[in-house]
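Scroll down for the structure; my scribbles are underneath it.
Model, not experiment: these values are computed from the prediction. Chain naming here is simple, since letters A, B, ... match the order of the sequence lines and numbering starts at 1 in each.
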Number of protein chains: 2
Amino acid sequence: MYFCYMLSKKTKYGIKALTYLARQKDKTPVAIATISESENISLKFLESILLTLRKNGLLGSKKGKGGGYYLLKESNEIQMTTVMRILEGPIAMVPCVSLNFYEKCDDCPDENVCAVNKLMVQVRDSSLKIFKNTTLADLCNC
Amino acid sequence: MYFCYMLSKKTKYGIKALTYLARQKDKTPVAIATISESENISLKFLESILLTLRKNGLLGSKKGKGGGYYLLKESNEIQMTTVMRILEGPIAMVPCVSLNFYEKCDDCPDENVCAVNKLMVQVRDSSLKIFKNTTLADLCNC
DNA sequence: TTAAACCCTATAGATTTAGTAGATTATTAA
DNA sequence: TTAATAATCTACTAAATCTATAGGGTTTAA
């Protein structure tokens, strides 16, 4: 059985890594290898994930000995909408329903009559609400 | 920009075809080609979609001249949970969160502490609620 | 005889999930 | 000051899987 609109491992691992960093007491850098071992994530894959999180302003990094990654904000200031948009892309399941990345369907003459649009608008709104009201702090058990 | 946990065209087309059939006054069979032209869906693709909907008990079919597909139930009796599960697969975005197709993640030692699990349970519940409370009739503007 | 569903196979292209190899940078120890 | 070390960063490659069709032939009923 295939899970069709499935969460990618990229996002899954990214969230796990972020919560790992959120559980740290201070903001001293944590090496990729440390997170990789603790969370059972392929090192090189995690490397690329943390890089995109850094490039999108969620993480800071320090090179060289004693280096690693650290959160740039407090964990209760990081909404899951931000995380999801960076790692997974738009929240909407159809482009014609996306707030930030709207695209018209070429097969659909009128969105206001489209059943798919009507249904997915609701799904988008409810998911968005959850992602907005949940922060990293809510997820990291601390 | 890629939509990562995107709705497949299979599901999209399937929902459109179902609402097309729901809008018919009587239950006389409608040919695939008719739906295909009206909804701008590739004929052969639609063929396979309608076939799976029939095999899963949503549609009836009639072969030969004047044949086609028709709804087996009233449109207000067809929940979108059923449609989504047939076309798209499990509602959950992660196997470890699925009600009907649960699978443990091999990387995750304890689901009760897992941030991804915690978040996705909420998303599953809210999506499920929408799909359960929406029927074909709600979507077909009639 | 014709029009329709049915069934099987193949496939280009995209995406995901990595793996491999090496470059660059910063710290630390000699 | 220099060399070693440890870390991030960059770029290429590749297997596996999934999507969205296309083609062609068979069966059934009017």
Side-chain angles (χ1 to χ4, degrees), chain A residues 1-14 16-17 21 28-37 39-56 58-70 72 87-90 93-95 105-107, chain B residues 1-17 21 28-37 39-56 58-72 87-90 93-95 105-107:
Chain A
M1 174 53 79
Y2 58 99
F3 281 66
C4 223
Y5 50 108
M6 196 164 170
L7 196 74
S8 66
K9 290 204 173 176
K10 184 180 170 189
T11 304
K12 187 181 166 190
Y13 293 163
K16 285 193 165 197
L21 291 174
T28 47
V30 180
I32 304 176
T34 309
I35 305 175
S36 152
E37 282 159 28
E39 302 290 327
N40 299 304
I41 304 170
S42 140
L43 180 78
K44 290 306 268 182
F45 196 21
L46 183 58
E47 207 178 300
S48 73
I49 295 168
L50 295 179
L51 203 59
T52 53
L53 287 173
R54 196 214 59 178
K55 283 181 179 166
N56 283 278
L58 279 190
L59 296 180
S61 70
K62 201 184 159 202
K63 278 192 176 183
K65 210 170 195 173
Y69 283 94
Y70 52 91
L72 282 178
L87 293 172
E88 192 77 13
M93 287 170 66
V94 192
C105 304
D106 32 328
D107 59 297
Chain B
M1 171 56 76
Y2 57 97
F3 280 65
C4 221
Y5 51 109
M6 196 162 170
L7 196 73
S8 66
K9 290 204 172 175
K10 185 182 171 188
T11 303
K12 186 182 167 190
Y13 293 164
I15 293 175
K16 286 194 164 197
L21 291 174
T28 48
V30 180
I32 305 176
T34 309
I35 306 175
S36 151
E37 282 159 29
E39 301 290 326
N40 301 302
I41 303 170
S42 139
L43 181 78
K44 293 300 268 182
F45 195 23
L46 183 57
E47 196 181 307
S48 73
I49 296 168
L50 295 180
L51 205 58
T52 52
L53 288 173
R54 197 214 59 176
K55 284 180 180 168
N56 283 278
L58 278 189
L59 296 180
S61 69
K62 199 186 161 201
K63 278 191 177 182
K65 209 169 191 172
Y69 283 95
Y70 52 92
L71 287 184
L72 282 177
L87 294 172
E88 192 77 13
M93 289 171 66
V94 192
C105 304
D106 31 327
D107 59 296

Once salt bridge (Lys or Arg N to Asp or Glu O under 4.0 Å) is applied, do any residues pair with A/E47, and if so which ones, sequence neighbours excluded?
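Scan of A/E47 (salt bridge (Lys or Arg N to Asp or Glu O under 4.0 Å), adjacent residues dropped) gives A/K44.
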Less than 4.0 Å between a side-chain N and a carboxylate O, is that true for A/D107 and B/K9?
no
Find every protein N or O atom lying less than 3.5 Å from an N or O atom of nucleotides 18-21 of chain C, and list the pairs.
unit_1	atom_1	unit_2	atom_2	d
C/dA18	OP2	A/Y13	OH	3.4
C/dG19	OP2	A/S42	OG	3.2
C/dA21	N6	A/K44	NZ	2.6

Can you pull the salt bridge (Lys or Arg N to Asp or Glu O under 4.0 Å) pairs that have at least one residue in residues 58-71 of chain B, sequence neighbours excluded?
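Residue pairs with at least one partner in residues 58-71 of chain B: there are none.
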Under the rule for side-chain hydrogen bond (donor to acceptor under 3.5 Å, both in side chains), what residues qualify as partners of B/N56, not counting sequence neighbours?
none
Whole-Å distance between [N] [atom2] and [X] [atom1]?
X: A/L51; N: C/dT25; atom1: CG; atom2: P; result: 14 Å
X: B/L53; N: C/dC6; atom1: CG; atom2: P; result: 12 Å
X: A/I32; N: D/dC9; atom1: CD1; atom2: P; result: 7 Å

Does some side-chain heavy atom of B/L21 sit less than 4.5 Å from a side-chain heavy atom of B/I35?
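They are in side-chain contact.
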Name the one of A/I41, A/L43, A/I49 that satisfies side-chain contact (heavy atoms from CB on, under 4.5 Å) with A/I32?
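Considering A/I41, A/L43, A/I49, a side-chain contact (heavy atoms from CB on, under 4.5 Å) with A/I32 is found only for A/L43.
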B/K55 side chain, from C-beta outward: closest of D/dC9, C/dC7, D/dT8
C/dC7
For A/Y69, which residues count as a ring pair (Phe, Tyr, Trp, His ring centres under 6.0 Å) partner, sequence neighbours excluded?
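In terms of ring pair (Phe, Tyr, Trp, His ring centres under 6.0 Å), with neighbours along the sequence ignored, A/Y69 is linked to no residue.
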Indicate whether OP1 or OP2 belonging to C/dC6 is found under 4.0 Å from a side-chain N or O atom of B/S61.
yes
Could you go through nucleotides 28-30 of chain D and list every protein N or O atom that sits under 3.5 Å from one of its N or O atoms, giving the distance for each pair?
unit_1	atom_1	unit_2	atom_2	d
D/dA30	OP1	B/K62	NZ	3.4

